[in-house]
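Reading through the structure tokens given below for one structure.
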There are 2 protein chains.
Amino acid sequence: MATRKEVADKAGVSVATVSYVMNNKQGVSEETRARVWQAITELEYKPSYAARSLKIQKSNNLAVFINYLGDPFEAGLLNHLEERAREAGYFLNFQTFSSETEIEFRHQFAGRVDGLLLIGQTLQAETLQTLRANNLPIVSITQAASDHSFDAIADIDWEMAMYQLLTHLYEQGHRRIAFMENEHYNHPHHYRKIAFVKAMERLQLTFNEQYFLQGGGRLEQAQQQMYSYLRASSSEKFTAFVAASDLMAIGMLTACRQLQIAVPEELAICGCENILMTTQTEPEITTIHYPRKEVAYAAVDLISKLLQQQSAPSYKISTELVLRKSTIQQVSLV
Amino acid sequence: MATRKEVADKAGVSVATVSYVMNNKQGVSEETRARVWQAITELEYKPSYAARSLKIQKSNNLAVFINYLGDPFEAGLLNHLEERAREAGYFLNFQTFSSETEIEFRHQFAGRVDGLLLIGQTLQAETLQTLRANNLPIVSITQAASDHSFDAIADIDWEMAMYQLLTHLYEQGHRRIAFMENEHYNHPHHYRKIAFVKAMERLQLTFNEQYFLQGGGRLEQAQQQMYSYLRASSSEKFTAFVAASDLMAIGMLTACRQLQIAVPEELAICGCENILMTTQTEPEITTIHYPRKEVAYAAVDLISKLLQQQSAPSYKISTELVLRKSTIQQVSLV
DNA sequence: TTGTAAGCGTTATCAA
DNA sequence: TTGATAACGCTTACAA
């Protein structure tokens, strides 16, 4: 790799001039500028990121805390995050986050990234403090369950969305509506449970802890839990299930097929997110649409602003229900 | 952020000594070592990555060229890559790669990452040359279609696997076997087509260009192409389809369901990779198992070795077929 | 319009 | 066993 010094020598100027040219500063004569560019091209000179970072105290790297790349919802979000980050000149470091590794984790980022993008995780107070001390702005995509204030949040209006979804089920005649949750509290799914509970209360529907199955956010576990639930003989069964994620909804649907439970006739199932796979199942799955591209772009824009000391108000949009066969019956239950 | 100088002052030693302690060099008295550690802890000192990178000319970052994060196969691979990279002390930069951006792309990495992890892409000769000039080792996960030699490759034995898959179809009575390809040549799917062609020849099965449908690697396109194919009236129809990816196989299955074509009775469908979703469809999909964790770990290990100037021989393992209902009939076609 | 030089926070060589 | 000090390659006053 050619260095700036070599370019300077070749062009017969000082190193400073090379910098001026590289950074498009004005006050350099056209003639010198051309000569310097020529040398740059010939030597295939590329500035050193490390040196530049050290000097300006910026890395142009952003860390993204992910929960599980095997979830298509998250992968889709990351896809768009990366897209937008590139436009903005950032490199992204994807980091799988879990509570077990949180403590060693929190010291990893100072000086290595300029900011953090979370996906609905709940951080320990001390982690938050360390990150703050290192002057790292934090933007969360999707609301975390605990409300420690990040610098900004980009999300949909979950309470509204969940209320709409439950209203739809209510109109279809459902009264006993259960929820497949993700029992890990520091996970974006957890806030969806909170929204579910609020919506149930608002509709004055009864529920208790029995109404919550633990799917762990994973398809396999959701499928297995649903299977157990369906096999357990119980006098009063639920008539509808909301899953905290589409992936879990898909697992539940498979459990129903295995046990020959008709969906939606015997049981309605719906999810959150609207991942592509919900259109490939039989029946297709009713869900809450989560506009991944829009939210991801907003999140990158927010953190860009924060890094330029601009104000960055949180972004929260309303969204739509996607009604599909898994909750729609010809004849209502009522 | 405290710097090394502050630590040195606080501990009453020189900056060099702090470095010795941080890097666990021997030759420092226990007493000084303790004093320095104390200062480090109290000041919450963390070494600066940028400074360190500049000095030792290493970033401990690796770039990963991805094709499409929306494909669960790739996302799964990345999940394991990240896992292993973390153990090895690397941060990963995921970069969506496409031919359109390849030219600007190739200058982005010098000095910013220590090496590259590809996922079956085919690079232009000049890109390869630039990367080489910058002394970046390149390891490819899955074989690229063109055989420019990377420093190492971690993959399964596609030719063997595809031959096994076709043999299975052959034994089920199929003779007219088509392939849903990904027409983008610089993509891992492309090598699977090559393996398919070889296996067809080995089994002495006839085929021509009509035998290839273009699915673009995406579920939506595969579904649509399959739909068109199925609707087009043709005297001689294929009896089996191999898709270059499971995602495309799923799209094809949906097209069949939409047109009420029975799988596997009227048409057999199978894929490659064995993503989780192939167990959630009706019928479940026969596929080639791709051990993502194993291959991903191997790839990170290979690049680690290369970065330590150790020899790193390519890794190629045989794999297994996963037989499921989408290709298995009670009564054979023969 | 261009050059000089200090400094970013490390590592590592050489002395002491 | 420890301390000075010269790089690493860049940015940016300030000087010329």
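Labels below follow one simple rule: chain letters A, B, ... track the order of the sequence lines, proteins then strands, and each chain is numbered from 1. Bear in mind the structure is a predicted one, so any value in this text is a computation, not a measurement. The figures here come from the full heavy-atom set of this structure, side chains too, leaving out hydrogens, waters and symmetry mates.
Panel note: side chain Glu74(B), backbone Asn67(B); a donor-acceptor pair is recorded below 3.5 Å. At least one donor-acceptor pair closer than 3.5 Å links the side chain of Asp71(A) to the backbone N or O of Phe73(A). Between the Arg292(A) side chain and the Glu273(A) main chain, a donor and an acceptor come within less than 3.5 Å of each other.
Heavy atoms from other residues, nucleotides or ligands lying under 6.0 Å from CD of Glu42(A) number more than 12.
Heavy-atom distances to DNA chain C give each of Tyr20(A) and Ser48(B) a nearest nucleotide, and the one nearer the 5′ end belongs to Tyr20(A). Mapping Lys55(B) and Arg33(B) onto DNA chain D via the closest heavy atom, the residue that lands nearer the 5' end is Arg33(B).
Residue contacts for Lys25(A): at a heavy-atom cut-off of 4.0 Å it reaches the sugar-phosphate backbone alone, with no base atom in range. Counting any heavy atom pair closer than 4.0 Å across all strands shown, Leu54(B) reaches a base atom. Residue Ser53(B) is out of contact with every strand shown, counting any heavy-atom pair closer than 4.0 Å.
Between Ser19(B) and dT11(C) there is a side-chain N or O to OP1 or OP2 distance below 4.0 Å. For the pair Ser29(A) and dT2(C), the criterion of a side-chain N or O lying under 4.0 Å from OP1 or OP2 is met. For dC8(D), neither phosphate oxygen OP1 nor OP2 lies less than 4.0 angstrom from any side-chain nitrogen or oxygen of Thr3(A). Within the structure, a side-chain polar atom (N or O) of Gln57(A) is placed less than 4.0 Å from OP1 or OP2 of dG9(C). The phosphate of dG9(C) (OP1 or OP2) has no side-chain N or O of Arg52(B) nearer than 4.0 angstrom. Phosphate proximity of dC10(D) to Lys5(A): absent, as no side-chain N or O sits under 4.0 Å from OP1 or OP2.
Nucleotide dT11(D) holds its C1' atom 15 Å from the CG atom of Asn24(A), rounded to whole Å. Summarising the geometry, the separation between CD1 on Ile40(A) and P on dG9(D) is reported as 16 Å, rounded to the nearest angstrom.
If you check dG3(D), dG3(C), dT11(C) against the side chain of Ala16(A), the one that comes closest is dG3(C). Of all nucleotides listed (dC10(D), dA4(D), dT2(C)), dA4(D) comes nearest to the side chain of Ser14(B).
Less than 6.0 angstrom separates the ring centroid of Phe65(B) from the ring centroid of Phe109(B).
At a cut-off of 3.5 angstrom, counting only N and O atoms as typed in the model, there is no donor on one side facing an acceptor on the other between the side-chain of Tyr45(A) and the base of dG9(D).
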